[in-house]
Amino acid sequence: MASDNRHAQRIVVGIDGSSSSGHLPPARSSIPCSPRRLAGSRFLGAALAAAVLVAPCTVATAGTASAAVAGEPGAPGQGDPYFPLAGNGGYTVGHYDLGLAYDPATRRMKGDATLSARAVQDLSAFDLDLSGLTVTGVTVGGKEARFERRGQELVITPGRVLRRGAAFEVRVAYSGVPQYVTDPDGSEDGWIATDDGAFVAGEPQGAMSWFPSDNLPLDKASYSFRVTVPAGYTAVCNGELTSQRTRNGMTTFRWEQTQPMASYLATATVGKFEVERYTTASGVPVYNAVDPRESADAAPALAKIPEILDWGTTLFGPYPFSSAGAIVDRAPDAGYALETQSRPLYDRAPNVGTVVHEMAHQWFGDSVSLTNWRDIWLDEGFATYAEWLWQEQHGGTSAQARFDQYYALPATDGIWAFPTADPGEGADIFASPVYDRGAMVLHELRSAVGDARFFNILKTWAREHRYGNGTTAEFVALSERMSHQDLGPLFHTWLFTAGKPARS
Ligand code: ARG
Ligand code: ZN
């Protein structure tokens with residue numbers, strides 16, 4: 001969906017680190033605040049559609065040969081069954097340029113985000129997803145635009161209709177103390193303050209707690225980050241560190257993630273970190289940032305990164321990203337790790353199994369992303385099965401023995417609480433039926449088709465959907481195509497049928 005506009009023109013806007021007063025330097029050029037009272041009508045019902053066409057927000061594009069164009073507002077969501085307001089309609093994003101200044105002492109952020117986007121319809125207004133924070137100005141194509149906050153929707157009405165196919169830049173200036181989002185399972189998601197900075201993990205919804213976005217994995221984009229923190233702190237993002245400069249007691253870190261990335265995989269984790277950098281024998285640059293309180297415990301697992309990269313490459317195909325690494329924080333309030341793209345984020349010193357899990361996600365989840373959150377097993381079942389495979393191939397429990405252990409759990413156990421590929425609205429999508437039963441599904445597939453075909457299916461899945469998205473139906477179809485077998489009953493039982501499956 002976003003693939004046709006990845007080369008949309010970028011404009012780079014700066015948070016200038018030259019200010020000598022305070023920790024939060026002003027944006028290089030200030031954007032005047034748009035008066036809210038001018039915000040265009042947005043959520044009118046279908047019966048009022050005709051009125052929308054003549055509403056003041058609908059302005060014909062000047063200078064076009066055609067008659068006046070009356071666009072329509074983009075949808076506030078993309079129809080994800082679990083998160084209906086996630087993502088937005090009417091445009092796709094090719095690039096995010098995120099400028100942030102963060103002061104761990106006050107927890108205040110100042111943000112300046114420029115999104116390079118492309119309209120996919122004649123667009124009179126469109127939404128970005130942003131929760132909390134105060135928006136101080138919005139421009140579209142360099143011109144001040146009206147904006148309005150409606151819950152997690154930032155509704156933007158440009159001065160003129162954006163024609164279908166047109167590239168445009170939207171810039172949002174904002175500030176405030178970011179507040180994490182609370183997930184259906186009660187977990188904290190997004191910008192999570194720590195005792196020395198912030199643990200920034202946005203799955204599934206939390207990206208909107210720190211930058212405005214089209215917050216659904218279907219709309220992947222490249223990212224530039226420019227994060228300014230007080231000297232002594234480190235800001236770690238995805239991809240490659242391109243510069244690090246300290247002036248007047250503030251350090252600005254610039255990072256580039258050039259491969260497409262889903263918004264939930266973006267991070268700008270801030271803390272007091274020990275940094276380790278090297279290039280693996282296979283040529284992948286590694287950047288690790290580790291909370292010194294965790295470093296002794298983290299060292300054995302982090303030392304395995306090059307080996308895990310090579311192992312994943314052998315098993316799943318080429319490593320999808322141009323750098324790797326880890327961020328090991330101390331974040332008891334988060335209580336989970338996340339496969340932030342190219343550089344997974346750990347809430348504490350991880351063990352080898354967790355590092356294998358998060359690195360396997362680089363292929364399954366990050367490069368090949370889900371389309372709807374209902375299909376989360378395509379991420380978690382695969383990453384969990386990668387842990388089983390690592391164990392099996394490194395002198396540990398065989399995958400079959402693991403399967404048998406789980407299968408021995410009684411029908412009342414939580415692992416059978418819902419079908420793997422149909423958790424249900426409001427369910428905990430990070431629960432055992434997705435992770436462990438998800439891995440069991442892959443083991444059942446492997447048992448049915450044999451090792452050679454199974455591993456070929458995994459590689460083909462990673463290759464055919466590289467940097468894109470996939471669905472459960474596509475995975476089922478691929479498995480049948482490559483095995484020449486009718487796998488309908490197997491997948492029906494293991495993915496979609498409630499309760500503990502009977503022995504096949
Ligand atoms: N994808 C992460 C992992 O399995 C888990 C993220 C959990 N997120 C949450 N909001 N509870 O490594
Ligand atoms: Zn996972």
Side-chain angles (χ1 to χ4, degrees), residues 1-2 5 34 36-53 55-59 70-94 96 113 115 117-135 138-140 145-162 164 166 168 170-172 174 179 181-184 189-190 202-221 262-264 370-374 425-426 469:
M1 225 185 140
N5 71 341
S34 298
R36 278 172 188 232
R37 63 193 154 79
L38 290 182
S41 48
R42 179 67 181 69
F43 286 94
L44 299 178
L48 293 178
V52 173
L53 299 182
C57 63
T58 308
V59 178
E72 283 185 29
Q78 281 279 32
D80 186 278
Y82 297 176
F83 302 101
L85 288 177
N88 304 288
Y91 66 92
T92 61
V93 181
Y96 290 82
L115 284 60
R118 187 177 295 278
V120 300
Q121 66 176 67
D122 290 338
L123 208 51
S124 60
F126 62 92
D127 288 11
L128 299 176
D129 298 305
L130 183 68
S131 119
L133 299 163
T134 300
V135 175
V138 176
T139 63
V140 176
R146 285 174 276 156
F147 64 90
E148 189 181 359
R149 305 296 298 274
R150 289 178 184 255
Q152 72 177 65
E153 303 298 311
L154 168 62
V155 185
I156 297 172
T157 306
R160 58 182 54 180
V161 167
L162 299 161
R164 180 188 171 144
F168 65 96
V170 51
R171 177 177 176 181
V172 180
Y174 56 100
Q179 305 291 330
V181 174
T182 302
D183 292 327
D189 173 18
E203 188 184 24
Q205 291 294 284
M208 64 185 176
S209 71
W210 62 283
F211 67 98
S213 69
D214 189 21
N215 196 17
L216 199 66
L218 202 52
D219 194 3
K220 296 190 184 188
S263 53
Y264 80 89
L370 48 74
T371 301
N372 282 310
W373 285 106
R374 182 165 51 206
E425 210 177 314
N469 300 82

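- A distance of 11.5 Å separates CD of Glu148 from CD of Glu153, quoted to the nearest 0.5 Å.
- Between the side chain of Asp122 and the backbone N or O of Val161, no donor-acceptor pair lies under 3.5 Å.
- In this structure, a donor-acceptor pair under 3.5 Å is absent between the side chains of Asp219 and Thr92.
- Here the straight-line distance linking atom CZ of Phe211 with atom CG of Leu115 works out to 8.0 Å at 0.5 Å rounding.
- The distance from the OH atom of Tyr91 to the CG atom of Asp214 is 4.0 Å, given to the nearest 0.5 Å.
- Taking both residues in full, the closest heavy atoms of Ala221 and Gly94 are given as CB-O, 3.4 Å, listed atom of the first, atom of the second, then distance.
- The minimum heavy-atom distance linking Pro217 with Ala262 is given by the pair CA-CB, 3.8 Å.
- The two residues Leu123 and Pro73 make their nearest non-hydrogen contact at CD1-C, 4.3 Å.
- At distances below 3.5 Å, not a single donor-acceptor pair connects side-chain atoms of Asp189 with backbone N or O atoms of Thr182.
- Of all non-hydrogen atoms in Pro158 and Ala125, the two that sit nearest each other are CD-CA, 4.1 Å.
- A donor-acceptor pair is defined here as one N or O able to donate and one able to accept, closer than 3.5 Å; such a pair exists between the side chain of Gln78 and the backbone of Asn88.
- Considering all non-hydrogen atoms of both residues, Ile156 and Val140 come closest at CG2-CG2, 3.8 Å.
- Proximity of the aromatic rings of Phe168 and Phe126 is defined here by a centroid distance below 6.0 angstrom, and this criterion is met.
- Side chain of Asn372 to main chain of Pro81: no donor-acceptor pair is present (N/O by atom type, distance under 3.5 Å, no hydrogens or angles).
- In summary, of the residues considered (Met208, Arg150, Gln152), a side chain to side chain contact (heavy atoms under 4.5 Å, CB included) with Leu85 occurs for Gln152 alone.
- A donor-acceptor contact shorter than 3.5 Å links the side chain of Arg149 to the backbone of Leu130.
- With hydrogens and angles disregarded, a donor-acceptor distance shorter than 3.5 Å links the side chain of Asp129 to the backbone of Gly87.
- Listed here is the closest heavy atom pair of Glu425 and Tyr82: N-CE2, 3.7 Å.
- Atom CD in Gln179 sits 8.0 Å away from atom CG in Leu133 (nearest 0.5 Å).
- Residue Trp373 holds its CH2 atom at 4.5 Å from OH of Tyr264, rounded to the nearest 0.5 Å.
- In this structure, CG on Leu216 lies 8.0 Å from CD on Gln205, to the nearest 0.5 angstrom.
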